[in-house]
2 protein chains.
Amino acid sequence: MSNTVTNFTQRTINYEKLLGDFKVLLKKNNLKFTIQREVILETLYNSDEHLTPELLHHLLQDKFPELKIGIATVYRTLSLLEDSAMVTSLSFGAQGKKYELGAKDHHDHLICTICGNITEFVDEEIEERQHKIADELGFTMQDHSMQIYGICKNCKQ
Amino acid sequence: MSNTVTNFTQRTINYEKLLGDFKVLLKKNNLKFTIQREVILETLYNSDEHLTPELLHHLLQDKFPELKIGIATVYRTLSLLEDSAMVTSLSFGAQGKKYELGAKDHHDHLICTICGNITEFVDEEIEERQHKIADELGFTMQDHSMQIYGICKNCKQ
DNA sequence: CTTCTTTTGAGAATTATTATCGCTATTATA
DNA sequence: TATAATAGCGATAATAATTCTCAAAAGAAG
């Protein structure tokens, strides 16, 4: 494959950095740094899946049973993180909203309409183009999300 | 503006064609062509907004009060249309899922995170690139959606 | 027109999300 | 490190969104 358009990148932000950013964000807004908020961030960081609030809640109950984290706290924290653009959500088809950490690294999604599997990719050309378009329309770009829907290799058989 | 990246296009499929496609789709799946399904398609076609199920339901009640279309029928029909890729949905931030007719014309979205306004655009370079990426990953592309989030001109003040 | 099957609307049921509230944890300050 | 002030927590109630159920109505095919 000589002319690769895709560029699978690794997580570029380490957890310490991320946590630091989170703390700064909280302080700036007079919000408190709590153990619940920390483990939610950590769990999102360590998950490679796109998580629904319920799924995340289950994960948290498994990993930190002693904290008895409530579903309301999960929703509250996800909203907080989304408002601050630290996580982004995507929704498609019948399935509900799914969240992922935005800071891990920019990537877009290839979604199989049969098996629901998600492949992530990054394409610099598209990234650049998006910035140009936003600029031209007098828009200050904060984030983006892109999904390509289709049938994956496996499901074609 | 000499080097326009965006290209605002008009609706390219007329309603008769769309309705014909819908009828074929229904027949193929042993589904019946009902007046409810027709007016939902028509209302989506005639709307330039991105509609939530509730909003669409209100529109239908206003325009076709004699049909007393139920909210369940709206949901059922939207799912049907989405499964058949005739409409696509998008969701962002706190606001719920919104639906639009996919066949009107391909376009992507610029979404203002403050006022929620949506600007549509088309960029050929991105479209091409998407196809290339899908091909390269052994994926048969069916559709795509792209959103750029940011702050619009008006909200910057 | 008749028969067969699917769809519909109404509303019940379920699921998802948000709000409330008394208690606890965190932070800033002394 | 003790204290006071305040924000966040979990539990659960309330609300909103979506899906299900079912009897009646409507479409398709002959």
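Predicted model, so just to flag it, every value in this text is computed and none were measured. In the text below, chain A, chain B and the rest are named by the order of the sequence lines, each starting its count at 1.
Rounded to whole Å, atom P of C:dT8 lies 13 Å from atom CD of B:E38. One interatomic measurement links the two molecules: CD1 of A:I71 to C1' of D:dG10, which rounds to 12 Å at whole-angstrom precision. Between the CD atom of B:Q61 and the C1' atom of C:dG9 there is a distance of 11 Å, given to the nearest Å. Rounded to a whole Å, the CD1 atom of B:I40 is 12 Å from the C1' atom of C:dT7. At whole-Å resolution of the value, CG in B:L56 and P in D:dA17 are 15 Å apart. If you take CG of A:D83 and P of C:dT17, they are 15 Å apart, rounded to a whole angstrom. C:dA28 atom P lies 12 Å from atom NZ of A:K23, rounded to whole Å. The NE2-P distance, from B:H57 to C:dT8, rounds to 13 Å in whole Å.
Taking the side chain of B:E54 as heavy atoms from C-beta on, and the options C:dA10, C:dA16, D:dA17, the nearest nucleotide is D:dA17.
In this structure, a donor-acceptor pair under 3.5 Å is absent between the side chains of B:R76 and B:S79.
The aromatic rings of A:Y15 and A:Y45 are tilted relative to each other, their planes meeting at an angle between 30° and 60°.
Taking hydrophobic clusters as Ile, Leu, Val, Met, Phe, Trp and Tyr residues chained together by side-chain heavy-atom distances below 4.5 Å, B:I71 does not share a cluster with B:L67.
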Please enumerate all protein N or O atoms sitting under 3.5 Å from an N or O of nucleotides 7-9 of chain D, with distances to 0.1 Å.
| from | atom 1 | to | atom 2 | distance (Å) |
| --- | --- | --- | --- | --- |
| D:dA7 | O4' | A:K32 | NZ | 3.1 |
| D:dG8 | OP1 | A:R37 | NH1 | 2.8 |
| D:dG8 | OP1 | A:R37 | NH2 | 2.9 |
| D:dC9 | OP1 | A:T34 | OG1 | 2.9 |
| D:dC9 | O3' | A:Q36 | NE2 | 3.0 |

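OP1 and OP2 of C:dT18 both lie 4.0 Å or more from every side-chain N or O belonging to A:Y75.
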Donor-acceptor pairs under 3.5 Å, side chain of residues 24-44 of chain A to any protein atom, not counting sequence neighbours: which ones?
| from | atom 1 | to | atom 2 | distance (Å) |
| --- | --- | --- | --- | --- |
| A:T34 | OG1 | A:R37 | N | 3.2 |
| A:R37 | NH1 | A:K32 | O | 2.7 |
| A:T43 | OG1 | A:V39 | O | 2.7 |

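At least one donor-acceptor pair under 3.5 Å links the side chain of A:H57 to the backbone N or O of A:I69.
Note: A:F121 CZ to B:I133 CD1 = 4.5 Å, rounded to the nearest 0.5 Å.
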